[in-house]
Amino acid sequence: MNLLLTASGLSNETLRDALRDMLGRPFGSANVVYVPTASLAEPGDHGWFIADMNRLHGLGWRKFDVLELNGLPRQTVLDRLLHADVIYVGGGNHYHLARSITGNGLADGFLKALESRVYVGFSAGSMIFSRHLTGHSADVIGDTADLHVLGTTTVEPPFGLFDWYLKPHLYSPDFPERDDAWADRIAARADFPIYFIDDATAVRIRDGELDVISEGRWRFHP
C-alpha cells in the first residue's frame, strides 16, 4: 500500500517528485481520479478547492476523472477507483468523507483498490486512515463542530489502519491559530500519537514503511 498523506496537496516539487517515484512512471502515462466529497460539506468560499484541482490537473495526466462518493451505485464508484492509477482524495470535512465511505459500504472495496494504486490525500483525505477517527478524538482535537454540522456526534473510522492521528495545516496562514501553543495543548490531552504537519509536508507510507517528507515543518507526539 502506497499512501502520500499531505496537508495541502502537491504543494511543492518535493511532494510531486515523491508521487512520481511512488507511481513509477510519468504522470502523462497514468490515470488519476479526484474525489471531492469532503469539500461538499465545507461551507464558505471554495477557491482553495478549484486551485487544488487545477494544480493536480496541470500535471498532465493521461486521464483526469472526478468521482463523488455519494449518489452513485457502489459498484460504479469502485469500478471508477479501479480504473485509476492514482486516487487523489481532496480536503474539506473529514467526518463527512469518513461517513460517506462507511455509509455507502465502500471501505473494503476502497482498501482493495489501494493494494495496487497510489493514494494521495489532501487534508481531510489524509485524516481518514486512523483508528482514532472518533467522537473522542474530535473532543481531543477540538473540532466537534465539524461533526455537529453533519447532525451527529459520532463517527466510525472507515479503515483504522494506523494507531496515530494526522492533523494538518500547522503554522498555516489560513489557520492562524494552529501554532506551537495550539499543538502543545492538543498533545497534552491526547491519549494517542499525533503527527502535526504543515502545508509543505506529507507523511508517506510505502510498502509498510513510514517516513515524513517536507519542505517545511512538522511535529510528532508519540
Side-chain angles (χ1 to χ4, degrees), residues 1-36 38-39 48-49 51-67 81-92 94 97 110-130 159 161-175 178 183 193-222:
M1 190 171 293
N2 294 294
L3 313 176
L4 188 65
L5 306 179
T6 79
S8 194
L10 302 173
S11 59
N12 56 56
E13 197 59 36
T14 297
L15 299 180
R16 293 188 285 272
D17 284 346
L19 177 57
R20 286 189 191 94
D21 180 58
M22 295 169 79
L23 183 59
R25 62 181 189 271
F27 296 144
S29 64
N31 299 338
V32 64
V33 60
Y34 190 105
V35 178
S39 71
W48 59 269
F49 164 73
D52 182 60
M53 181 179 284
N54 284 338
R55 179 172 58 193
L56 183 66
H57 181 265
L59 296 179
W61 304 89
R62 178 173 60 193
K63 181 179 288 186
F64 187 97
D65 190 14
V66 178
L67 176 64
L81 293 175
L82 291 171
H83 189 67
D85 303 296
V86 175
I87 298 171
Y88 187 106
V89 180
H94 56 298
L97 177 59
F110 214 114
L111 282 179
K112 185 68 176 177
L114 293 183
E115 290 178 1
S116 55
R117 285 155 187 84
V118 179
Y119 179 97
V120 180
F122 166 19
S123 191
S126 296
M127 299 174 68
I128 56 174
F129 292 95
S130 175
F159 305 126
L161 293 184
F162 307 124
D163 185 55
W164 45 267
Y165 193 95
L166 187 149
K167 189 62 178 173
H169 309 304
L170 183 65
Y171 313 124
S172 172
D174 295 324
F175 299 89
R178 297 190 184 183
I194 306 177
Y195 283 93
F196 296 94
I197 63 173
D198 75 358
D199 290 345
T201 299
V203 174
R204 175 173 57 185
I205 296 92
R206 182 166 49 179
D207 299 326
E209 297 294 323
L210 183 151
D211 65 346
V212 178
I213 53 176
S214 180
E215 289 188 10
R217 296 177 290 172
W218 57 280
R219 296 172 49 165
F220 176 65
H221 294 268

Neighbour count >12 (heavy atoms, 6.0 Å) for atom CD, Glu209: no
Audit row: Arg217, Thr201, side-chain contact (heavy atoms from CB on, under 4.5 Å) steps and yes/no: CA-CA 7 Å; Arg217 296 177 290 172; Thr201 299; 5.9 Å; no
Contact summary for Met127 and Tyr165, nearest pair of heavy atoms: CE-OH, 3.6 Å
As an exercise, state the distance from OG of Ser123 to CD1 of Ile197, rounded to the nearest 0.5 Å. 8.5 Å
Of all heavy-atom pairs between His83 and Asn31, which one has the smallest distance, and what is that distance? O-ND2, 3.3 Å
From CG (Leu114) to CE (Met1), nearest 0.5 Å: 5.0 Å
What orientation do Phe162 and Phe129 show, parallel under 30°, tilted 30 to 60°, or perpendicular over 60°? tilted
Looking at Asp198, is its backbone amide N or carbonyl O close enough to the side chain of Arg178 to form a donor-acceptor pair, meaning the two atoms are under 3.5 Å apart? no
Shortest non-hydrogen pair, Met22 vs Ile205, comes out as CE-O, 4.0 Å
Between Ala113 and Ile87, what is the shortest heavy-atom contact and its length? CB-CD1, 4.2 Å
Asp85 side chain to Leu23 main-chain N or O, any donor-acceptor pair under 3.5 Å? no
Any chance you could lay out the side-chain contact (heavy atoms from CB on, under 4.5 Å) test for Leu5 and Tyr119, step after step, and finish with the verdict? CA-CA 8 Å; Leu5 306 179; Tyr119 179 97; 3.9 Å; yes
Stepwise, does the side-chain contact (heavy atoms from CB on, under 4.5 Å) test hold for Val203 with Trp218? CA-CA 10 Å; Val203 174; Trp218 57 280; over 6 Å; no
Which atoms form the tightest heavy-atom contact between Arg55 and Ser8, and what is the distance? NH2-O, 2.6 Å
Phe110 CZ to Leu82 CG distance, which is reported to the nearest 0.5 Å: 10.5 Å
Leu15 and Val120: CA distance, side-chain angles, deciding distance, side-chain contact (heavy atoms from CB on, under 4.5 Å) verdict: CA-CA 10 Å; Leu15 299 180; Val120 180; over 6 Å; no
Between Pro36 and Val66, is any pair of side-chain heavy atoms under 4.5 Å apart? yes
Is it true that a side-chain atom of Arg16 and a backbone atom of Leu10 form a donor plus acceptor pair closer than 3.5 Å? yes
Do Met53 and Phe122 have side chains that get closer than 4.5 Å, going by heavy atoms? no
Does any pair with a residue in residues 7-36 pass ring-ring contact (aromatic ring centres under 6.0 Å, His included), and if so which ones, sequence neighbours excluded? Phe27-Trp61, Tyr34-Phe49, Tyr34-Tyr88
Pairwise distance CG(Asp17) to CD1(Ile213) - rounded to 0.5 angstrom: 9.0 Å
Between the main-chain N or O of Asn12 and the side-chain N or O of Glu215, is there a donor-acceptor pair closer than 3.5 Å? no
Check whether any side-chain N or O of Arg117 sits under 3.5 Å from a backbone N or O of Ala84 as a donor-acceptor pair, and report yes or no. yes
Mind checking whether Arg20 and Glu13 have side chains closer than 4.5 Å, heavy atoms only? yes
Relative to the ring of Trp164, is the ring of Tyr195 parallel (under 30°), tilted (30 to 60°) or perpendicular (over 60°)? perpendicular
Might you point out which heavy atoms bring Gly216 and Ala200 nearest each other, and give the distance in Å? N-CB, 3.8 Å
In Pro193, Ser130, Ser126, the residue satisfying side-chain contact (heavy atoms from CB on, under 4.5 Å) with Leu166 is Ser126
